[in-house]
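To start, the structure under review is shown below, and the notes come after it.
Labels below follow one simple rule: chain letters A, B, ... track the order of the sequence lines, proteins then strands, and each chain is numbered from 1. Here the structure is a predicted model, which is why all the values come from computation and not from measurement. Because only heavy atoms are used, hydrogens play no part in the values below, and waters and symmetry mates are left out as well, while side chains stay in.
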Amino acid sequence: MQIKFVKYPRFIAMGEVQLEKRFQDYLDGENKIEPKDWMPDAYRKTLIRQISQHAHSEVVGMLPEANWISRAPSLRRKVALLAKVQDEAGHGLYLYSAAETLGIDRSELVDDLLSGKAKYSSIFNYPTVSWADMGAIGWLVDGAAIANQVMLCRTSYGPYARAMVRICKEESFHQRQGYEIMLSLANGTAEQKQMAQDALNRWWWPSLMMFGPTDDLSPNSAQSMKWKIKRKSNDELRQEFIDKTVPQAEFLGLTVPDKDLKWNEEKQGYDYGEIDWEEFYNVVKGNGPCNKQRLADRVKAHEAGAWVREAANAYAAKEAKRKADKGQAA
Amino acid sequence: MDKPNDNWKIWEVFIRSKNGLSHKHVGSLHAPDADMAIKNARDVYTRRSEGISIWVVPSEAVTASSPDEKEPLFTPADDKVYRHPTFYEIPSEIGHM
């Protein structure tokens with residue numbers, strides 16, 4: 001029905017406007033869009049960009065933690081960290097699959113990541129200098145990611161929403177294992193507690209930046225909200241995260257590194273200090289502490305994995321030949 | 001940059017969570033052949049005991065109805081209320097039927 005307009009160039013202009021109105025009405029009725037449904041080009045492009053950036057973030061997110069797998073303090077911690085990093089690889093794959101339903105090829109997305117063209121979450125451009133960082137990442141970084149991802153379970157594009165439901169189920173373990181690491185350190189020796197505090201000091205502000213610029217400076221947010229890709233604003237999500245996390249820090253006996261942090265009875269939430277947006281944009285532009293290292297490590301991992309892909313191809317070809325020969329013999 | 005995996009097919013993955021239930025679509029993945037698609041599906045989609053049986057189907061083998069045909073295909077059923085049990089009036093003395 002919709003496609004008919006496209007077949008008659010004369011009607012394209014009128015058709016597009018009507019189609020977009022129908023699309024918006026459909027979204028306003030809280031309906032989901034599925035891969036073969038008509039969608040505005042800009043909606044498709046926004047989703048490809050967002051889902052692929054999300055996938056890249058999962059993939060690059062493996063690197064800061066992989067750094068500590070071989071030095072985890074116990075076998076219990078090691079299996080947990082391994083499982084978490086493996087989950088992140090899986091999450092990357094779910095998300096690339098969701099992006100592919102929009103008509104883009106995965107290899108194109110991977111190339112964009114490896115060439116440095118595509119973006120990923122800036123949080124992974126910070127270094128992991130101590131074991132306590134594994135705790136802080138699970139607790140704060142995964143905590144912030146969960147806030148965002150719980151919202152995305154209700155996003156308007158079906159395949160993205162379904163990937164998010166799977167991911168959210170698995171992320172809960174990530175955050176709990178992180179908090180448990182923080183708890184052990186906070187209840188340990190004075191030196192261990194200091195390690196935990198130091199990690200909190202370094203990861204708090206970058207975690208708050210994960211939600212993106214403030215609402216008044218987030219130009220694409222309004223359209224994403226209208227299309228119901230985003231269901232809550234950056235500042236709303238950030239506030240939720242802070243309100244949930246501050247009591248958890250208090251329970252650990254640690255201090256959130258924000259002197260302006262104060263409970264606001266009226267808004268039933270915390271007031272918090274100014275975020276250093278200059279730092280944020282600096283890291284986004286590629287000048288964070290680890291941008292170059294992360295990309296170099298990712299390229300190295302991809303190239304070092306080439307023999308696995310080649311071996312898989314060779315095995316598939318051999319098996320196909322074996323089956324064909326068998327068929328001939330019979 | 002090498003791209004040896006560019007020609008890997010996309011496979012749709014279906015998982016049976018336990019006997020007695022149908023296989024259900026869970027997502028897709030890339031693999032060079034069906035056997036490796038099964039192995040990849042096991043790693044990607046059943047890390048937490050989600051399944052006891054996996055089907056993989058090349059995406060290109062799936063024929064789907066077009067969203068444009070939604071109305072002619074599915075709306076005719078909407079006005080056939082007589083296909084539902086509640087359309088028929090049965091005296092309450094009869095009880096559940």
Side-chain angles (χ1 to χ4, degrees), chain A residues 1-7 26 33-39 83-84 86-87 89-101 105-108 110-111 113-115 159 162-163 165-166 169-170 173 299 302-320 323, chain B residues 1-17 23-51 54-76 78:
Chain A
M1 226 53 130
Q2 302 124 320
I3 302 296
K4 272 185 188 156
F5 287 109
V6 183
K7 285 184 185 158
Y26 190 67
I33 305 301
E34 293 295 341
K36 295 182 90 186
D37 292 338
W38 185 89
M39 61 186 87
K84 179 176 191 290
Q86 194 188 3
D87 273 351
H91 296 174
L93 290 173
Y94 304 157
L95 287 160
Y96 284 128
S97 293
E100 283 189 300
T101 63
D105 205 67
R106 188 175 76 181
S107 59
E108 201 178 315
V110 171
D111 284 349
L113 171 65
L114 298 179
S115 70
R162 292 193 285 276
V165 170
R166 291 188 71 89
K169 275 186 200 158
E170 302 183 354
F173 133 62
V299 170
H302 185 76
E303 285 172 357
W307 72 269
V308 179
R309 297 189 290 276
E310 282 160 19
N313 282 338
Y315 180 74
K318 200 173 86 180
E319 285 297 297
K323 263 184 206 150
Chain B
M1 209 153 304
D2 64 287
K3 297 182 195 169
N5 57 349
D6 270 8
N7 52 358
W8 285 8
K9 262 195 234 177
I10 301 182
W11 302 78
E12 299 301 325
V13 181
F14 299 79
I15 305 272
R16 184 202 296 285
S17 58
H23 286 75
K24 196 177 157 213
H25 184 246
V26 292
S28 60
L29 47 72
H30 289 239
D33 70 8
D35 287 346
M36 281 182 266
I38 294 266
K39 290 191 175 81
N40 288 358
R42 177 250 184 204
D43 286 343
V44 177
Y45 291 106
T46 64
R47 287 194 302 283
R48 289 177 176 77
S49 321
E50 288 95 337
I54 301 172
W55 286 353
V56 292
V57 179
S59 295
E60 63 197 17
V62 174
T63 306
S65 65
S66 161
D68 304 327
E69 298 170 316
K70 203 150 65 182
E71 281 184 27
L73 284 179
F74 305 114
T75 50
D78 291 349

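Interatomic distance, CG of A:Asp87 versus CZ of B:Arg48, reported as 4.0 Å (0.5 Å rounding). For the atom pair A:Lys169 NZ and B:Glu50 CD, the distance stands at 8.0 Å (nearest 0.5 Å). Note that CD1 of B:Ile10 and CZ of A:Arg106 are 8.0 Å apart. Values are rounded to the nearest 0.5 Å.
Looking only at heavy-atom pairs under 4.5 Å with chain A, the residue among B:Pro32, B:Ala64, B:Gly27 that has the most is B:Pro32.
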Should B:Trp8 and A:Asn313 be marked as a side-chain contact (heavy atoms from CB on, under 4.5 Å) after you check the CA-CA gap, both sets of side-chain angles, and the distance that decides it?
CA-CA 9 Å; B:Trp8 285 8; A:Asn313 282 338; 2.5 Å; yes

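In the displayed structure, A:Lys36 atom NZ is contacted under 6.0 Å by more than 12 heavy atoms of other residues, nucleotides or ligands. Atom CZ of B:Arg47 has more than 12 neighbouring heavy atoms from other residues, nucleotides or ligands inside a 6.0 Å radius.
Only the side chain of A:Arg166 has a heavy atom closer than 4.5 Å to any heavy atom of chain B. Heavy atoms closer than 4.5 Å to chain B are found nowhere in A:Glu34, neither backbone nor side chain.
Identified by a heavy-atom distance below 4.5 Å to chain A, contributing residues of residues 54-63 of chain B are lacking entirely.
A:Tyr94 contributes no side-chain N or O that, together with a main-chain N or O of B:Tyr45, makes up a donor-acceptor pair within less than 3.5 Å. Of the possible donor and acceptor atoms, none in the side chain of B:Ser28 sits under 3.5 Å from a partner among the backbone N and O of A:Ser97.
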